[in-house]
Student: 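Structure in structure tokens, see below.
Order of the sequence lines fixes the chain letters, A, B, ..., with proteins taken first and strands second; residue numbering starts at 1 for each chain. Quick caveat, the model's predicted, so the values are computed rather than measured.
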Number of protein chains: 2
Amino acid sequence: MTTAPPSPRVLPHPARDEIRLESVLHALSDPVRMRIVSELADAEAALSCSRFDLPVTKSTTTHHFRVLRESGVIQQVYEGTAKMNGLRREDLDALFPGLLNALLTASRRQTARGARA
Amino acid sequence: MTTAPPSPRVLPHPARDEIRLESVLHALSDPVRMRIVSELADAEAALSCSRFDLPVTKSTTTHHFRVLRESGVIQQVYEGTAKMNGLRREDLDALFPGLLNALLTASRRQTARGARA
DNA sequence: TCCGTACTACGATGGCTATCGTACGAGTCG
DNA sequence: CGACTCGTACGATAGCCATCGTAGTACGGA
């Protein structure tokens, strides 16, 4: 099992051309979700949900990941008990060139500028 | 009166360093508001509220403009009975380099791609 | 002064959403 | 099998928000 055959549990994702800018912006307008995306971008590899230390409960975490997936920002795949999350960089870059980078930079800058909140 | 002295009616704007990324993204996650910003960007000069032909009533229009102003995306100044609106390009570019352009490009692209909705 | 235009304020309303807790399903490991 | 971990589903709740209509204010021109 070098690359384990995916579980039957498959999650619905929007196709590339179904991704809407409004939905992406709405998804990223929540600080918790922006943080998730930020960490995901730094990681460069898929991360399981439990790798994030978020200031909300597990149910809320599930909710946020779903919003990100349904808006097309991330990709989710079951791997055993874990659910691996990856940024949909290619799709986003193809649809909205430069946007993801600008958003990540903006987020990092703001974090650096004022660590309050 | 080449440049009319501003009316005493002054509107509250966030200072540059009070502009929050989340608020900007939230403001722009509404199609109506994104459209306003898009037209404002094309105009290059300040426009009065009534220059926009939006699919909502006047009260709702007022609401959207206020959200844009309070999030720091636009600047509003009374000029007689009209309220002139301008993009806060300099502030946004200073805070979040490349973001505004990426957003405008993304919006234009999406509009071009599918004119549905 | 009177009227019209531009925009606002207020209140209502329906819908969305972030949050939680609890109970459950799916895998993994002993 | 049994226990443990990871994540989900469901229901509840409270707050926000896009929308509207109506009534009102501010300004400029006749």
Student: Establish whether B/Leu54 and B/Leu28 are linked, either directly or via other cluster members, by ILVMFWY side-chain heavy-atom contacts under 4.5 Å.
Tutor: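 The answer is yes; both residues are in one hydrophobic cluster.
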Student: Rounding to a whole Å, what distance do you find between B/Arg66:CZ and D/dT19:C1'?
Tutor: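 Rounding to the nearest Å, CZ of B/Arg66 and C1' of D/dT19 are 13 Å apart.
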Student: Which listed nucleotide (D/dC20, D/dC6, C/dC7) is nearest to the side chain of B/Thr62?
Tutor: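 Among D/dC20, D/dC6, C/dC7, the one nearest the side chain of B/Thr62 is C/dC7.
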Student: Starting from P on D/dC17, measure out to CG on B/Leu68 and report it in whole angstrom.
Tutor: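 Those two atoms, CG and P, are 13 Å apart.
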Student: Is a side-chain N or O of B/Ser38 found less than 3.5 angstrom from the main chain of B/Arg35, in a donor-acceptor match?
Tutor: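 No: the side chain of B/Ser38 does not pair with the backbone of B/Arg35.
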Student: Quick one: are B/Arg88 and B/His13 in side-chain contact, heavy atoms under 4.5 Å?
Tutor: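 A side-chain contact exists here, since the closest heavy-atom pair is under 4.5 Å.
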Student: With the 4.5 Å side-chain cut-off for hydrophobic clustering, are A/Leu87 and A/Met84 part of the same group?
Tutor: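 Different clusters: A/Leu87 never reaches A/Met84 through Ile, Leu, Val, Met, Phe, Trp or Tyr contacts under 4.5 Å.
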Student: Nearest to the side chain of B/Thr60 - D/dT19, D/dA9, D/dC27?
Tutor: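 Output: D/dT19.
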Student: Under the salt bridge (charged side-chain N to carboxylate O under 4.0 Å, His left out) rule, collect the residues that match up with B/Arg16, sequence neighbours excluded.
Tutor: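 By the salt bridge (charged side-chain N to carboxylate O under 4.0 Å, His left out) rule, B/Arg16 matches B/Asp91.
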Student: Give the rounded distance in Å between these two atoms: CZ of A/Phe65 and C1' of D/dC6.
Tutor: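 So the CZ-C1' distance, A/Phe65 to D/dC6, works out to 12 Å.
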Student: Is B/His63 near enough to D/dC20 that one of its side-chain N or O atoms lies under 4.0 angstrom from OP1 or OP2?
Tutor: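 No.
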Student: Rounding to an integer number of Å, can you tell me how far B/Tyr78 OH sits from D/dC27 C1'?
Tutor: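 In whole Å, D/dC27 C1' and B/Tyr78 OH are 11 Å from each other.
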Student: Is it true that a side-chain atom of A/Asn85 and a backbone atom of A/Gln76 form a donor plus acceptor pair closer than 3.5 Å?
Tutor: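 No, because the side chain of A/Asn85 does not come within donor-acceptor range (under 3.5 Å) of the backbone of A/Gln76.
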Student: Please check if the side chain of A/Thr111 supplies one atom and the backbone of A/Ser107 the other of a donor-acceptor pair under 3.5 Å.
Tutor: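 Yes, A/Thr111 side chain to A/Ser107 backbone: donor-acceptor pair under 3.5 Å.
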Student: Would you say a side-chain N or O of B/Arg9 is under 4.0 Å from OP1 or OP2 of C/dC7?
Tutor: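 No, outside the criterion.
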Student: Output the residues of residues 24-35 of chain B in contact with DNA chain D, where contact means a heavy atom of the residue under 4.0 Å from an atom of the strand; sort by number or write none.
Tutor: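 Under 4.0 Å from DNA chain D: B/His26, B/Asp30, B/Arg33.
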Student: Would a distance-only check, ignoring hydrogens and angles, find a side-chain to backbone donor-acceptor pair under 3.5 Å from A/Gln110 to B/Leu21?
Tutor: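 Indeed, once roles are kept as given, a pair shorter than 3.5 Å links the two residues.
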Student: In whole Å, I'd like the distance from the NZ atom of A/Lys58 to the P atom of C/dC24.
Tutor: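 A/Lys58 atom NZ is separated from C/dC24 atom P by 15 Å.
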Student: Given atom CD of B/Glu79 and atom P of D/dA26, what is their separation to the nearest angstrom?
Tutor: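 Going from CD in B/Glu79 over to P in D/dA26 covers 19 Å.
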Student: Give a yes or no on whether a donor-acceptor pair under 3.5 Å exists between the nucleobase atoms of D/dG7, that is its base, and the side chain of A/Thr81.
Tutor: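 Per atom types, no contact qualifies.
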Student: In whole angstrom, give the distance that lies between atom CD1 of B/Ile36 and atom C1' of C/dC7.
Tutor: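 Between C1' of C/dC7 and CD1 of B/Ile36: 14 Å.
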Student: With a 4.5 Å limit on heavy-atom distance, are the side chains of A/Arg108 and A/Asp42 in contact?
Tutor: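 Yes, side chains in contact.
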Student: Measure from the side-chain heavy atoms of B/Ser59 and tell me the nearest of C/dG21, C/dA18, D/dC20.
Tutor: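 For the B/Ser59 side chain, the nearest candidate turns out to be D/dC20.
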Student: Enumerate the residues from residues 41-56 of chain A whose closest heavy atom to DNA chain D is under 4.0 Å, giving them by residue number; use none for an empty result.
Tutor: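 Those residues are A/Ser48, A/Cys49, A/Ser50.
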Student: Which nucleotide wins on minimum distance to the side chain of B/His64, given the candidates D/dA18, D/dC6, D/dA26?
Tutor: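 Comparing D/dA18, D/dC6, D/dA26 against the side chain of B/His64, the answer is D/dA18.
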Student: How close or far is atom P of C/dT17 from atom CD of A/Glu70, stated in whole angstroms?
Tutor: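 For the pair A/Glu70 CD and C/dT17 P, the rounded distance is 10 Å.
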Student: Answer with yes or no whether the hydrophobic clustering places B/Phe52 together with B/Val32; edges join I, L, V, M, F, W, Y residues whose side-chain heavy atoms lie under 4.5 Å apart.
Tutor: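 Both belong to a single hydrophobic cluster.
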